[in-house]
Structure formats: structure tokens, C-alpha cells
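To start, the structure under review is shown below, and the notes come after it.
Letters A, B, ... mirror the listed sequences (proteins, then strands); counts begin at 1.
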Amino acid sequence: MEVLIFLLFILVLAIFLGFEIISKVPSLLHTPLMSGSNAISGVTIVGALIAAGLGEGEDTAALIGGVAVAFAAINVVGGYLVTDRMLNMFKKKDK
Amino acid sequence: MEVLIFLLFILVLAIFLGFEIISKVPSLLHTPLMSGSNAISGVTIVGALIAAGLGEGEDTAALIGGVAVAFAAINVVGGYLVTDRMLNMFKKKDK
Amino acid sequence: MEEIRTLLNLVYILSAITFILGFKLMGRPTTARQGNVLSAVGMAAAIIATLLFPEVVRYTYLAAGLAVGAVIGALFAYRTPMTGMPQMVGLLNGFGGAASLLVAWAEFVARPYQPVYQGVIIWLTVLIGTVTLSGSLVAWAKLEERFIPTKPVLYPGQRVVSVVLLAAILGGGIWFAIDTAASSATQVLLAVTVLAFVLGILLVIPIGGADMPVVISLLNSYSGMAACASGFIIQNNLLIVAGALVGASGIILTLIMCKAMNRSVANVVLGGFGADLPGKAQDVFGEIKPVKPDEAYLILEAANSVVIVPGYGLAVSQAQHAVRELMEVMEKNGTEVRFAIHPVAGRMPGHMNVLLAEANIPYDALIEMDAINPTMDIVDVCMIIGANDVVNPAALEDKSSPLWGMPIIEAHRARTVIVMKRSMGKGFAGVENPLFFRNNTRMLFGDAKASLQALINEFKSAVS
Amino acid sequence: MEEIRTLLNLVYILSAITFILGFKLMGRPTTARQGNVLSAVGMAAAIIATLLFPEVVRYTYLAAGLAVGAVIGALFAYRTPMTGMPQMVGLLNGFGGAASLLVAWAEFVARPYQPVYQGVIIWLTVLIGTVTLSGSLVAWAKLEERFIPTKPVLYPGQRVVSVVLLAAILGGGIWFAIDTAASSATQVLLAVTVLAFVLGILLVIPIGGADMPVVISLLNSYSGMAACASGFIIQNNLLIVAGALVGASGIILTLIMCKAMNRSVANVVLGGFGADLPGKAQDVFGEIKPVKPDEAYLILEAANSVVIVPGYGLAVSQAQHAVRELMEVMEKNGTEVRFAIHPVAGRMPGHMNVLLAEANIPYDALIEMDAINPTMDIVDVCMIIGANDVVNPAALEDKSSPLWGMPIIEAHRARTVIVMKRSMGKGFAGVENPLFFRNNTRMLFGDAKASLQALINEFKSAVS
Ligand SMILES: NC(=O)c1ccc[n+]([C@@H]2O[C@H](COP(=O)([O-])OP(=O)(O)OC[C@H]3O[C@@H](n4cnc5c(N)ncnc54)[C@H](OP(=O)(O)O)[C@@H]3O)[C@@H](O)[C@H]2O)c1
Ligand SMILES: NC(=O)c1ccc[n+]([C@@H]2O[C@H](COP(=O)([O-])OP(=O)(O)OC[C@H]3O[C@@H](n4cnc5c(N)ncnc54)[C@H](OP(=O)(O)O)[C@@H]3O)[C@@H](O)[C@H]2O)c1
């Protein structure tokens with residue numbers, strides 16, 4: 001139960017922080033922001049890896065974990081790469 | 001040790017959040033900001049109260065705790081009241 | 001053993017810091033790319049740290065998953081055209097939801113004995129993850145205009161069905177969480193998953209295709225929440241922080257879009273917008289003055305300052321490179337060219353910025369709505385390319401218009417307005433645009449790219 | 001039992017939220033007061049929750065401490081004049097540090113067996129708390145101009161002594177933390193406390209009185225860090241969050257002040273500024289043109305727009321109410337009156353705003369430096385009341401000036417400048433001000449309050 005309190009505290013702080021930081025991003029960058037945050041939401045890959053690598057328990061759990069890893073990896077890899085591709089296009093006038 | 005990790009996480013988030021929020025306060029309000037944050041730093045009163053109220057252990061610990069409570073209470077009460085007094089003076093043109 | 005765990009947890013804290021700093025760096029175009037790289041490095045560190053945890057001992061499924069996912073992800077990232085960004089983001093959201101839902105399932109399968117609150121969290125993760133998945137699939141299909149009609153699909157008793165479904169899911173949750181080790185628990189969670197999948201479909205299907213960007217942004221937020229919830233299951237701080245950041249980001253973008261469309265989130269989410277339009281014919285005065293490219297050329301040739309307002313039609317006709325070429329020939333002709341970007345021009349927030357950036361148009365030529373409007377009176381020509389609703393003066397003048405109150409780019413205040421579109425077709429909001437009938441407006445009909453090409457040719461042949 | 005603990009911990013989360021929201025509301029003058037009240041309510045809730053914890057069973061010391069502290073705090077809050085804010089804040093910081101240091105001691109006395117990392121944290125809390133306490137006391141004494149000379153106190157080998165002290169404290173920390181239950185531990189911690197106390201004094205004493213606001217702001221940050229550290233001792237989230245917020249706030253204010261003075265934090269903290277001034281006589285051209293109040297009145301009477309620049313001298317002579325009266329008579333005379341507030345005018349950030357607010361001057365008449373400078377050319381009269389450094393044009397024009405690079409209020413660009421001060425005395429930075437010798441400058445010598453009163457009388461007698 002104590003752990004839950006810590007997690008809640010962290011959740012509250014992260015929500016506030018999220019609103020503060022994201023609301024500063026200018027609309028110019030909203031599309032990359034969207035795909036970038038998409039990539040970050042792939043952080044479930046951490047949970048998926050643990051599930052897939054678990055030795056104990058049934059094989060099914062690890063299999064499900066493996067599928068989860070695949071989905072999350074698409075999210076992470078696809079999200080970061082496409083964001084980078086987009087941001088690479090943003091250029092200042094160089095003349 | 002696990003608890004320490006949680007506490008560190010909370011510390012990191014709170015520091016970021018602090019910088020985001022405080023840097024938005026306009027210079028008009030910097031003096032009340034200073035006294036207000038002073039009041040909040042009196043939050044050690046929570047620790048002081050626990051120390052002063054502890055039944056176990058030596059009497060000395062509780063005594064030290066009591067003194068800590070007094071110091072922290074000055075901080076809290078004085079800080080909030082003086083901030084309120086100041087902010088009460090800030091008025092918009094009413095004509 | 002314990003020390004390793006502590007060390008790896010410290011890596012998670014560092015990862016969280018890179019995510020936060022990454023978002024902060026995303027706040028400026030000059031640093032945004034670094035921010036993304038930093039965040040990616042943090043993610044890589046988190047992945048490596050996780051692989052080093054002592055309980056991670058089996059590598060087959062894990063390696064297979066990683067390899068397959070990484071390849072598919074990379075293909076997505078390099079194959080998708082810039083105009084297809086909304087769909088791609090939509091689909092990725094769905095995959096994020098799927099991952100969270102599967103993590104919850106795996107946890108339940110591996111350790112069926114769970115305290116009640118853990119049961120509740122597993123159920124919640126499955127619910128949010130599944131709704132995100134199926135909702136995203138529908139949104140994707142609508143945007144790709146495949147499988148599912150783009151128009152709002154309405155059927156009688158819509159709300160009732162959704163409410164009943166939700167009640168069933170809730171009931172299932174209670175049943176499941178009370179005793180996760182009961183023999184029925186697996187079936188119950190399976191039923192919840194299926195019902196949540198149906199719910200996700202039903203929630204998104206009544207929303208029109210053009211509202212999909214809002215839905216996708218909302219689903220983005222959900223995918224963050226799902227990650228957050230799965231963080232509670234495995235008691236992992238990093239998941240919670242990252243999930244909350246994404247959740248906040250999605251909600252903020254949703255609100256920005258809704259505000260720029262002057263609609264409430266509820267209005268969008270309840271759906272049906274664009275299905276039945278107010279039949280009332282709007283009164284528009286004046287006559288349409290079509291021009292040929294050669295006439296438009298003469299107007300542009302004489303202008304000192306031109307503001308280009310790009311819209312959804314520009315994306316449809318893939319005219320971003322042509323626009324860049326026109327900009328160059330006009331600048332060579334001594335004309336100052338700027339772009340006015342409306343926050344909801346196109347079909348995704350910031351969509352126009354990305355498209356124009358793709359065509360190598362420097363971002364300091366892209367001016368935000370609030371900055372350009374005050375200068376509009378002294379603009380010689382405002383050239384509107386495939387935009388419609390975002391320049392509709394009814395938003396300022398006609399209280400009965402569905403657009404009333406929406407902030408617009410005040411193109412009508414420029415000395416001359418040239419509108420480039422294919423026909424008198426309406427924009428996303430489905431309303432008449434009185435701007436097209438104004439005295440100072442000229443209509444240049446045709447596909448945006450073709451018209452732009454014609455203008456460029458006029459400029460070029462004039463020189464030679 | 002467990003449930004109560006969980007519930008009370010939830011209260012702590014709510015308290016943290018009120019602190020955060022309180023700071024956010026502090027961001028606007030219209031909501032700042034509510035923000036402070038909200039934060040106070042959160043603090044009250046946290047205190048009540050703490051009293052309900054099952055391990056809190058002894059109430060004598062606790063009640064006595066609360067009662068004494070509350071009364072003294074209230075007295076402080078109502079007795080301190082607005083000009084004395086820097087001192088009061090300084091003293092309160094010290095008390096915060098004292099509380100944290102005592103919490104650390106109490107924990108150690110109650111439970112001498114502590115793991116090494118807890119020992120380290122206890123030592124750190126004692127160190128930060130004690131330095132905050134003694135440093136604040138010195139800062140307070142310097143500002144009150146009691147007990148301790150206001151000027152920087154320098155002595156040979158200053159840095160060496162500080163470094164040796166620090167090394168001893170560090171050694172003591174290692175000795176203490178390795179085995180907190182050793183019989184020597186109490187003496188060691190006591191020695192650390194004493195040494196830290198001396199260190200705090202030595203750190204602040206070489207810094208000049210006028211630099212005290214920076215020191216106080218830094219100590220404010222330290223008091224937050226001490227609270228944070230004590231939060232680690234008793235493993236309390238709320239202390240950590242609140243402490244981190246305060247720590248951040250103190251650092252930001254310190255940086256703002258240093259930036260506005262164009263000095264580095266290191267330059268301030270290492271001290272000695274103002275002790276030995278560059279002897280080089282500065283070249284100032286032109287002659288001083290003193291005026292009498294009646295002449296100044298004629299200039300003001302004819303002005304359409306007047307900008308008042310208040311400075312430290314206004315606070316010294318307590319002239320804020322007189323300034324308000326002058327503003328009223330000038331406004332009655334049809335003159336537009338605005339105040340230009342420099343970020344480090346006075347002796348504390350935001351000091352002038354509070355003083356003028358006390359005299360009921362509405363805050364929308366107070367304009368920030370960056371907003372007023374561009375309009376300075378069209379100002380008829382700029383009236384400088386007890387300010388000096390913040391209007392010194394050498395900061396813009398003279399590369400050899402110690403003020404070079406500091407942003408100033410560009411009073412010299414107004415059509416006419418009236419400077420009100422007692423003599424040709426220098427400001428805090430101790431440099432000559434070429435503004436006083438300019439052609440468009442008139443000097444109105446005398447105590448600010450007296451001069452203002454004379455001007456008001458001129459206005460009044462003209463009417464009657
Ligand atoms: N950006 C977002 O985040 C977002 C999200 C949700 C909803 N929306 C909504 O989307 C709308 C965006 O406004 P908008 O002005 O960009 O677009 P719009 O109002 O949807 O109008 C686009 C116009 O482009 C024309 N067009 C289509 N294809 C074309 C082509 N190949 N060549 C030339 N013209 C073409 C169409 O007219 P013809 O058929 O006559 O050619 C149409 O009137 C707003 O109503 C907004 O509320 C935006
Ligand atoms: N605000 C902050 O946070 C802060 C913090 C640290 C340092 N500082 C420093 O403090 C300085 C503030 O600048 P400032 O322009 O406000 O003040 P200043 O440069 O210190 O000058 C104050 C002037 O007021 C005059 N004065 C003193 N008593 C007076 C009285 N009773 N009536 C009339 N005039 C009187 C003095 O001249 P006479 O003796 O001729 O009367 C003096 O020249 C800056 O150098 C700043 O860097 C500020």
C-alpha cells in the first residue's frame with residue numbers, strides 16, 4: 001500500500017509537469033510533438049520486456065509478453081524515427 | 001533502498017516542476033513569492049511534529065522535536081500571514 | 001542483487017529526465033531534433049536496463065518481439081508520406097494501447113493471485129488499452145478511407161448501447177477484481193477485453209472523418225494513460241511518468257484543436273458532426289469572379305507583399321513543392337512572401353508546418369494566425385490555397401453560422417484575395433464561405449498543384 | 001491502522017497539490033492572494049493529518065512548540081514594516097533551517113542505530129540546516145545594521161579557513177555515518193553542528209550589506225533544501241516536494257537578481273564587492289543643475305506624461321505615501337503618471353512593487369523595465385526618487401564601469417529628468433552617475449519624503 005502512495009505522488013507530479021511543459025510547445029511543432037509523445041508512450045516496452053523475459057510461470061505469459069514487446073517496439077522505433085524525419089525538415093532561412 | 005528510489009524520483013520531478021512554475025511568476029510578485037515560499041519551507045513542521053510526539057525513545061528527542069516545532073511554526077505562521085498582508089495591498093485601478 | 005536493482009532503477013530516473021528534457025527541447029524548432037534524440041537515447045537506456053534485470057532470463061520471445069517490432073516500426077517511419085501522418089500516428093497509438101493491454105494480460109497469466117487493487121488496475125489497463133486499440137483502428141480506417149465509411153455512422157439507440165456495454169465492462173471488472181484467482185477470472189477478463197474492443201469501435205464510428213485528428217489526439221492521451229496504468233501494475237515509476245507526460249500532451253492538443261474549431265470536446269466526441277447539416281441556406285451576396293492563371297499572374301506580379309494561406313486542399317493535392325517554387329519566383333520578382341498558418345489548417349495540429357517544411361520552406365516564413373492578422377490590412381494579395389473554413393469571415397460576422405466564434409485568418413482584409421480550389425465545394429464544416437463572393441476576391445479554379453504550376457509557368461515565361 | 005496511515009498519506013498528496021496550485025496562482029496579481037490562502041489550507045491539513053498519525057502520542061512539547069511558534073510568527077507578520085521585509089524573510093529562513101536541523105537531531109537521538117545512507121542524510125540535513133541558520137542570522141544583522149558591520153568583513157586567509165572547515169565537516173560526516181551507534185557519534189555530530197554554524201557565519205560575513213538580498217534568496221533556497229533533506233530522513237514525500245519547490249524558487253530569484261545586476265552568482269557569494277572600489281576616477285562631463293521645489297513644480301506642472309523611477313532611497317525615507325499623493329495631484333492636473341520598476345530597484349526583488357502597493361498605488365500603473373524603455377523618448381519628465389544605479393547610463397555607454405552591461409531604466413532618454421536625492425552620494429555600486437551631469441537633468445536635493453511634500457504643497461497652493 002505504501003508503494004501505491006509513492007506511485008500516486010509520482011503520477012500527480014508528472015501530470016502537473018506534463019501540462020506545464022507541453023503547453024509551452026508552439027503550434028509550429030505540434031505534429032512532431034504528437035508523434036514524439038507517441039514514441040514515448042511506447043515506454044510500456046519496459047513492462048513488456050519483463051513479461052516476455054520472465055522465467056517463472058507459464059509459457060503463455062512470456063508469449064503474450066513477446067507480442068506486447070513487438071507492438072511496443074513498433075511504437076517506439078516508428079515514433080522516434082518519424083519524428084526525427086519530420087524535424088530534420090524544419091529549417092531556418094539560411095540566406 | 002526501494003523507498004529511496006521513489007523519493008529520488010519525486011525529488012527530480014518536483015525540482016523540474018518548481019522551475020517551470022516559479023519562472024512564470026512576474027517580478028511584480030517576487031517579494032510575496034519569496035515570503036510565501038518561506039512559509040512553505042516551514043513544511044518541516046511535519047517532521048518536527050512527529051519527532052515531538054514520539055512516545056518511544058528518550059525524552060530528549062521529543063524535547064528537541066518540540067523546539068523544532070516552535071521554529072517551524074514561526075516560519076509557517078509568519079510566512080503565510082505576512083504574505084497575505086502584502087498581497088492584500090496589491091490593488092488594480094478601480095476607477 | 002539488490003545493488004543491481006537499485007542501479008537499474010537509477011537508470012529509469014535518468015530516462016525519465018531525458019523524456020522531460022526532451023519535451024522541453026521540443027519547445028523550439030532549433031532544439032527540437034536534439035530533444036527527440038535525447039528522449040530516444042533515454043528510451044534505449046531504459047530498454048537495456050530492463051534487459052539486465054535479474055528476473056529477465058528468457059530471451060526467445062523477447063528478441064523475436066524486439067526484432068519484428070523494430071523492423072515494422074522503421075518501415076512505417078520511412079514509408080509513410082508526410083500527408084499520411086495523422087493515420088500513422090493513429091495506428092501507432094493503437095499499438096501502444098495493445099502493448100499495455102497485453103502487459104496486463106501477461107501479468108495476470110503469470111501471477112493469477114492478485115490483491116483486489118491490483119485486480120482493479122489490471123482491469124483498468126485492459127479497458128483503456130483495448131479501447132485505444134480498437135478506437136485507433138477505426139480512426140485509421142476512416143482516415144485511410146478504407147473498410148469503414150468516413151462519414152459519421154449513426155444508428156438508433158447509439159448511446160444506450162454504449163452505456164450498456166460500459167455497465168457490463170464495469171460489472172466484469174468488479175467480478176474479476178474481487179477474486180483474480182477464481183476459475184472464472186480468465187473468461188471474465190476475456191469478456192471484458194472483447195466488450196472493450198467493441199466499445200472502442202462504437203465510440204469512434206459515429207465521429208466524422210474530418211474530426212478524426214481530435215479523436216487521434218485523444219487516443220494519444222489514452223495510450224499514455226494505458227502506459228501509466230500498466231506502470232501501476234508492475235509498479236514502475238518510469239512508465240507512470242512517461243505515461244502521464246503523454247496523457248497531458250494528448251489532452252492539451254485536443255483542447256487546442258477544439259478551441260480553434262470553437263467546439264467543445266464533448267461535441268466532437270459525441271459525434272455526428274457533419275452528418276446532418278442545418279438545412280438553412282445561408283444568404284451570400286455578391287457574385288463570383290473567376291480568373292484564369294494569366295490574370296492571377298498579373299495581380300501577383302504587381303504585388304509587393306503576398307500572404308499565402310495553405311489549407312487541407314494543399315495537402316490533398318500534394319502541392320507543397322509547387323508552392324515553394326512559386327514562392328521562389330515571386331521572391332525573385334521582388335515580392336515579400338509569407339505564409340499564414342491557422343492552428344487547425346489541414347487535418348492535424350501543425351500539419352501545414354510539417355508539409356511546408358518538407359518542401360524546404362524555412363519556418364521563419366510561417367507566421368501564426370495571431371501575428372499575421374494585425375498586418376492583414378497592408379497586404380497586397382492574400383492567396384488562399386485549398387483552405388476554406390479557416391478563412392471564412394462568417395466566423396466573425398454571422399452569428400447563425402456553425403463557425404461563429406472560431407478564430408480565423410482574416411484574409412478578407414487584404415487588398416486582393418485569390419482563392420485556389422477546384423470548385424465551389426465546401427470545406428470540412430460544410431458551410432458556404434461568403435469570402436468567395438466578395439468584391440476583392442478572385443477565384444482561380446482547379447487542382448491546387450496544377451494551378452500553382454500554371455502560375456509558375458507564367459512567371460517563368462515572362463522572364464524569358 | 002494501515003488504512004489510517006494510507007488515508008493520511010493521501011492528505012499529504014493533496015497538500016502537495018495545494019502547494020503547487022498555490023504557486024501557480026501566485027503567478028498573477030489577481031489570484032495571488034487566493035494562491036497563498038490555498039497553500040496555507042494545505043499546510044494546515046498536513047499539520048492536522050500529522051497529529052493523527054498513530055505514532056504521535058505525546059502532546060506536551062508539541063502543543064507548547066505550536067503555541068509559542070504561532071504567536072511569535074503572528075507578531076512578526078504584523079509588526080514588521082514593509083521596508084523591513086528583507087530582514088524578516090531572512091530571519092524566517094534561518095528558523096526554517098533550525099527546524100530542519102533539529103528534526104535531524106531528534107531522529108538521531110530517538111533512533112541512534114541508523115544505516116549508513118541514513119547517517120549521511122542526517123549529517124547533510126544538519127549541515128544545510130545549520131549553515132542556513134547562522135548565515136541567515138548574519139544576513140539579518142547586516143540588514144538591521146546591528147551587531148555586525150554592514151560592510152564586507154574581509155580577513156586574510158578567508159578562503160583557506162572556509163576550506164579547512166568544510167574538510168573537517170566532511171570528515172566528521174564520514175566518521176558519523178559509518179557507525180551512528182558508536183559512543184562517539186553524538187560528540188561528532190555536535191562538532192559538525194558547531195563547525196557548520198561557524199561556516200555559515202564565515203560564508204556570509206565577507207558579503208556587503210547591499211548584496212544581502214541575493215544572500216537571503218540563496219538562503220531561502222537552502223532552507224528548502226534542508227526541508228527536502230529532512231524529508232529523506234523521515235521518508236516523507238510532502239517534505240521533499242515542498243522543499244524542492246522552495247529550493248527552485250530561491251535559486252530562480254537569485255539568478256534573476258544576479259542577472260539584473262550583471263554579476264555572476266559566484267561573484268556575489270565570494271564576497272568583497274563594495275569593499276575595495278576601483279580607485280580610478282571616472283570622467284564625467286557637464287555641470288550639475290540644482291533646482292528648488294518651485295522650479296521643479298513648474299516643470300512637472302507643464303508635463304503631459306511623467307514617469308517615476310523609485311529606488312532604494314524611496315524606501316529609506318519611507319516616502320511611498322507621499323509619492324502616492326503627488327501622483328494624485330499630478331493626475332488631477334491632467335498629467336499621465338506611470339511608475340517604471342527596475343527588477344533590482346530597492347534591496348529585494350519586487351521590493352518597490354510591495355512598497356507602492358502599500359501606499360495604494362494600483363499595480364497596473366507599475367510598468368516593467370522592458371516595457372517602459374521603448375516609450376522613454378516621448379516621456380516629458382522622468383522623475384527619479386532615491387534611485388541611482390538602476391538609471392546609470394554608464395551601464396550602456398562606459399565599458400570600464402562596474403555597471404557595464406547591467407540593464408537599466410533609460411531615464412536619460414526622457415525630455416527632462418528630475419533627480420531627487422539628498423546629496424551627490426553614490427548608490428550601492430559606489431560609482432559616479434553621469435546622468436546627474438547631463439544637460440536635461442535637474443537635481444532636487446533633499447530627503448525624498450520632504451522634497452515630495454514640498455512639491456505637493458506647490459501643487460496645492462497653486463490650486464487654491
Ligand atoms: N488541423 C486540425 O487539427 C483539424 C482537426 C479537425 C478538424 N479540422 C477542420 O478542418 C478544417 C480545416 O480547414 P481548411 O481551411 O484547412 O480546409 P477545409 O475547410 O476543409 O477546406 C479545404 C478546401 O480545400 C479544397 N480542396 C480539396 N482538394 C483540393 C485540391 N486538390 N486542390 C485545391 N483545393 C482543394 C476544397 O474545396 P474544393 O472541393 O472546391 O476543391 C475545400 O473547400 C477546419 O474546419 C477545421 O476545423 C482541422
Ligand atoms: N533589489 C534587489 O533585489 C537588489 C539586491 C541586491 C542588490 N541590489 C542593488 O541595489 C541597487 C539598487 O539600485 P537603486 O537605484 O534602487 O538604489 P541605489 O543605487 O542604491 O541608490 C539609492 C540612492 O538613494 C539615495 N537616497 C538614500 N536615502 C535617501 C533619502 N532618504 N531620500 C532621498 N534619497 C535617498 C542615495 O543618494 P543620496 O545618498 O545622495 O541621497 C542613493 O544614491 C542596485 O545597484 C542593485 O544592484 C538590489
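Only the side chain of N360(D) comes within contact range of chain B, judged by heavy atoms closer than 4.5 Å. Both the backbone and the side chain of A74(D) come within contact range of chain B, with heavy atoms under 4.5 Å apart. Heavy atoms of A39(B) lying under 4.5 Å from chain D belong exclusively to its backbone. Both the backbone and the side chain of V67(B) come within less than 4.5 Å of a heavy atom of chain D. For L51(D), the part lying near chain B is the side chain, with the backbone staying farther off; criterion is any non-hydrogen pair under 4.5 Å. At a 4.5 Å heavy-atom cutoff, the contact between I21(B) and chain D is made by side-chain atoms alone. Contacts between I45(B) and chain D at a heavy-atom distance below 4.5 Å involve the side chain alone, from C-beta outward. Of the atoms belonging to F23(D), heavy atoms from both backbone and side chain fall under 4.5 Å from chain B. For chain B, no part of L255(D) is nearby; none of its heavy atoms comes within less than 4.5 Å. Residue contact with chain B, scored on non-hydrogen atoms closer than 4.5 Å, involves the side chain of V37(D) exclusively.
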Does the side-chain contact (heavy atoms from CB on, under 4.5 Å) test come out yes or no for T83(B) and M26(D), once each step is laid out?
CA-CA 11 Å; T83(B) 308; M26(D) 276 267 193; 3.8 Å; yes
Step by step, would you call L28(B) with L366(D) a side-chain contact (heavy atoms from CB on, under 4.5 Å)?
CA-CA 8 Å; L28(B) 170 67; L366(D) 314 183; 4.0 Å; yes
Evaluate Y78(D) against V82(B) for side-chain contact (heavy atoms from CB on, under 4.5 Å), listing each step before the verdict.
CA-CA 7 Å; Y78(D) 289 113; V82(B) 85; over 6 Å; no
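No side-chain heavy atom of L49(B) sits less than 4.5 Å from a side-chain heavy atom of F53(D). The side-chain heavy atoms of V46(B) and L239(D), taken from C-beta on, include a pair separated by under 4.5 Å. In this structure the side chain of E368(D) reaches within 4.5 angstrom of the side chain of S27(B), judged on heavy atoms. Side-chain contact between F76(D) and V77(B) is absent, with no heavy-atom pair separated by less than 4.5 Å. Residues F71(B) and L133(D) are not in side-chain contact: their nearest non-hydrogen atoms beyond the backbone lie 4.5 Å or more apart. Here the side chains of V246(D) and M34(B) are not in contact, with every heavy-atom distance at 4.5 Å or above. Inter-residue side-chain proximity for N237(D) and F6(B) is flagged as unmet; no heavy-atom pair is nearer than 4.5 Å.
From I74(B), atom CD1 reaches atom CD1 of I72(D) across 4.0 Å, with rounding to the nearest 0.5 Å. Remark: I20(D) CD1 to L17(B) CG distance equals 5.0 Å, nearest 0.5 Å. Here the CG-NE2 distance, from L253(D) to H30(B), works out to 5.0 Å after rounding to the nearest 0.5 Å. For the atom pair CH2 of W105(D) and OG1 of T60(B), the computed distance is 11.0 Å after rounding to the nearest 0.5 Å. The structure places CD1 of I64(B) at 9.5 Å from CZ of F108(D), a figure rounded to the nearest 0.5 Å.
Annotation for A73(B) and G65(D): closest pair CB-O, 4.4 Å, computed over non-hydrogen atoms. The nearest pair of heavy atoms linking A227(D) to V43(B) is CB-CG1, 4.3 Å. Nearest heavy atoms, A77(D) versus R85(B): O-NH1, 2.6 Å. Of all heavy-atom pairs between L29(B) and R28(D), the closest is CD1-C, 3.7 Å. Considering every non-hydrogen atom in both I252(D) and S23(B), the closest pair reads CD1-N, 3.7 Å. When all heavy atoms of I40(B) and M43(D) are compared, the pair lying nearest together is O-CE, 3.7 Å.
Of the listed residues (V68(D), T80(D), N236(D)), the one with the most heavy-atom contacts under 4.5 Å to chain B is T80(D). When the candidates G66(B), G18(B), A70(B) are compared by the number of heavy-atom contacts under 4.5 Å with chain D, A70(B) comes out ahead. Highest contact tally toward chain B, considering only G73(D), G231(D), A226(D), is held by G73(D) [criterion: heavy-atom pairs under 4.5 Å]. The choice from I50(B), I22(B), V76(B), I15(B) that makes the most heavy-atom pairs within less than 4.5 Å of chain D is I22(B). Ranking G243(D), A70(D), S230(D), G224(D) against chain B, the residue ahead of the rest is A70(D), based on heavy-atom pairs under 4.5 Å. By number of non-hydrogen pairs under 4.5 angstrom with chain B, the leading residue of T60(D), I234(D), I361(D), L66(D) is L66(D). Between chain B and the residues M225(D), E107(D), M85(D), the largest count of heavy-atom pairs under 4.5 Å involves M85(D). When V103(D), L245(D), L91(D) are compared by the number of non-hydrogen pairs under 4.5 Å with chain B, V103(D) comes out ahead. For the set L13(B), L7(B), V25(B), the entry with the most heavy-atom pairs within less than 4.5 Å of chain D is L7(B).
There is no side-chain donor-acceptor pair under 3.5 Å between N38(B) and N220(D).
Here the side chain of Y61(D) pairs no donor or acceptor atom with the backbone of D59(B) at under 3.5 angstrom. Here the side chain of T31(B) pairs a donor or acceptor atom with the backbone of P349(D) at under 3.5 angstrom. With hydrogens and angles disregarded, a donor-acceptor distance shorter than 3.5 Å links the side chain of N75(B) to the backbone of L92(D). Checked by atom type and distance alone, the side chain of R33(D) never pairs as donor or acceptor with a backbone atom of L87(B) at under 3.5 Å. Using modelled atom types, one side-chain atom of N36(D) and one backbone atom of Y80(B) make a donor-acceptor pair closer than 3.5 Å. Between the S37(B) side chain and the S249(D) main chain, no donor and acceptor come within less than 3.5 Å of each other.
Evaluated for a side-chain contact (heavy atoms from CB on, under 4.5 Å) with S41(B), the options S221(D), C228(D), S223(D), S100(D) yield exactly one hit, S223(D).
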